[in-house]
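Data first, discussion second: the structure below is written as structure tokens.
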Amino acid sequence: MSKTEKIVAVKGMNDILPTDSHLWQLFENTAQSVVQSYGFQQIRTPIVEDTALFKRAIGAVTDIVEKEMYSFEDSMNGDQLTLRPEGTAGAVRSVIEHNLVYEGPKRLWYTGPMFRHEKPQRGRYRQFYQFGCEAVGFTGPDVDAELIIMCRRLWDDLGLPEIRLEINSIGDAEERARHRVDLIAYLEKHEDLLDAEAKRRLHSNPLRILDTKNPALQDVVNAAPKLMDYLGEESLAHFNGVRKILDHNNIQYVINTRLVRGLDYYNRTVFEWVTDSLGSQGTVCAGGRYDPLIASFGGKPTPAVGFAMGIERLLELMKEAGEPEAPNQCDVYLVHQGEAAQLQAFVLGERLRDAGLDVIMHGATLAGAGSFKSQMKKADGAGAAYAIIIGEDEVANNTAAVKSMRAAEGEQQQTTVPFDQVVDFVVDQITDSGDHHHHVHDEHCNH
Ligand code: ATP
Ligand code: MG
């Protein structure tokens, strides 16, 4: 690369710019507050883990492990490492390592970047973000249903009521083994109709053939033996237990008997939340039980159920539904001219922030500090409710001019206030008018 060649972001990995970040914050804050209202606690695990963790947790014959992982050798010590492609493996590793369920079951949530080497396209990136939950140590169908109900609440809070739910049960290993024999026999009978990928998976992971997106295969997989017909009493009871709670809570769903999970360790309940408005990348959230996983890692046998949602896809839906306006950047914009005024403005800025207000101090650019007029334009652009102006006169008189940016025509717009009373004056005005600007997440103001 020559010295003047532009360095750009890695393909499939995107910047999130200030024009979008408020939407990300809205999603993250909403999701966090929804899951916290069900008692979920955050877990933060490293982005890099031993490659072996993902190979064992996700399974060798999966898209992720076969072709999507960013794996590398640590050049310092030769360790085989991988950028996490999903969040469950790390969460489970951490639960076992720290014996987190020692005191009883835990409800956990996480969020952050995941990495998969896929072909970048709409709704499919190489660095993408997930928000997920794992309920660890709970056996019954109640927690499966709770996770689903919790998602429904999140969609409602985000203004996305049209997201649809599909559920299925994939039973336990024994039930899948019996189904597998019949499924392979059936697929072998129709091998001439299969595509190359399906043929390759015929004996390694035939279940995955059922959720093929190839239109040419739809008829043959639709007529394939259904796992649902192989479920034993306990698996059926669990599935019906989930359905009973969903029905009782008016959660609509369809049973999709072809719904499976790409990850090997799932059992019983699987579910997906889907939308028609994102083209072929229509799954916004996928989840299910993975009771056998923790024991398979050498942990004490511990049932678990979870889900992960793709944040980019949800943000696209939020934008379609009518993007919320970007919030104002501040309550007060500080306009000043001259060195003495700037010093006063710094003092005032700190006092206003002490009082809980958000303040932008006008800063000089290459073009200088700018005229009062150009500074007022910036105040307007930042959406400030008030501009506070300090010039030579104000410094001399120990005052500041407080200008309401939202006063109606005819109302008094600008008031000269003694310097020591400015904070009280502005706080009173803002409290009276309810003008305090809305943060996406606001700790110090009550709306
Ligand atoms: P797909 O069938 O779309 O490849 P998947 O089965 O690989 O999905 P999961 O591993 O279940 O997906 O991940 C859960 C969710 O994360 C998906 O439903 C999707 O919303 C999101 N997701 C998965 N991969 C990507 C990606 N490369 N870019 C953006 N979002 C993704
Ligand atoms: Mg995938």
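We count ligands from 1, going down the list as the structure has it; atoms in each ligand are counted the same way.
Per-residue contacts place Val284 under 4.0 angstrom from the following atoms of ligand 1 (heavy atoms of the residue considered): 20 (O). Of all atoms in ligand 1, listed by their number and element, those nearer than 4.0 Å to a heavy atom of Lys213 are 1 (P), 2 (O), 3 (O). Applying the 4.0 Å criterion to heavy atoms of Ala286 picks out, from ligand 1, the atoms 11 (O). For ligand 1 and Gly123, the ligand atoms under 4.0 Å from any heavy atom of the residue are 28 (N), 29 (C), 30 (N). Set against the non-hydrogen atoms of Ala308, the atoms of ligand 1 under 4.0 Å away are 14 (C), 15 (C).
Nearest residue to atom 3 (O) of ligand 1 from Arg126, Gln127, Gln281, Arg124 is Arg124 (criterion: closest heavy atom). Within the set Arg116, Glu86, Arg313, the minimum heavy-atom distance to atom 5 (P) of ligand 1 is found for Arg116. Of the listed residues (Phe115, Trp273, Phe128), the one carrying the non-hydrogen atom nearest atom 22 (N) of ligand 1 is Phe128.
At least one N or O atom of Thr283, backbone or side chain, sits closer than 3.5 Å to an N or O atom of ligand 1.
Applying the salt bridge (Lys or Arg N to Asp or Glu O under 4.0 Å) rule to Glu174 yields no partners; only residues at least two apart in sequence or on another chain are considered. Shown here are the salt bridge (Lys or Arg N to Asp or Glu O under 4.0 Å) partners of Asp172, two or more places apart in sequence or in another chain: there are none.
Looking at Ile148 and Ile167, their side chains come closer than 4.5 Å, going by heavy atoms from C-beta outward. At least one side-chain heavy atom of Met13 sits less than 4.5 Å from a side-chain heavy atom of Phe115.
Under a 4.0 Å N-O distance rule, the pair Asp358/Arg353 does not qualify as a salt bridge. A salt bridge is defined here as a Lys NZ or Arg NE, NH1 or NH2 lying under 4.0 Å from an Asp or Glu carboxylate O, and Lys67 with Glu197 meets this definition.
Residue contacts with ligand 1, taken as heavy atom pairs separated by less than 4.0 Å, do not involve Lys119 at all. Of the heavy atoms in Gln130, only side-chain atoms (C-beta onward) come closer than 4.0 Å to ligand 1.
A cation-pi arrangement is absent between Arg116 and Phe128, since the terminal nitrogen or guanidinium carbon is not both under 6.0 Å from the aromatic centre and inside a 45° cone about the axis.
Here the side chain of Glu134 pairs no donor or acceptor atom with the backbone of Gly87 at under 3.5 angstrom.
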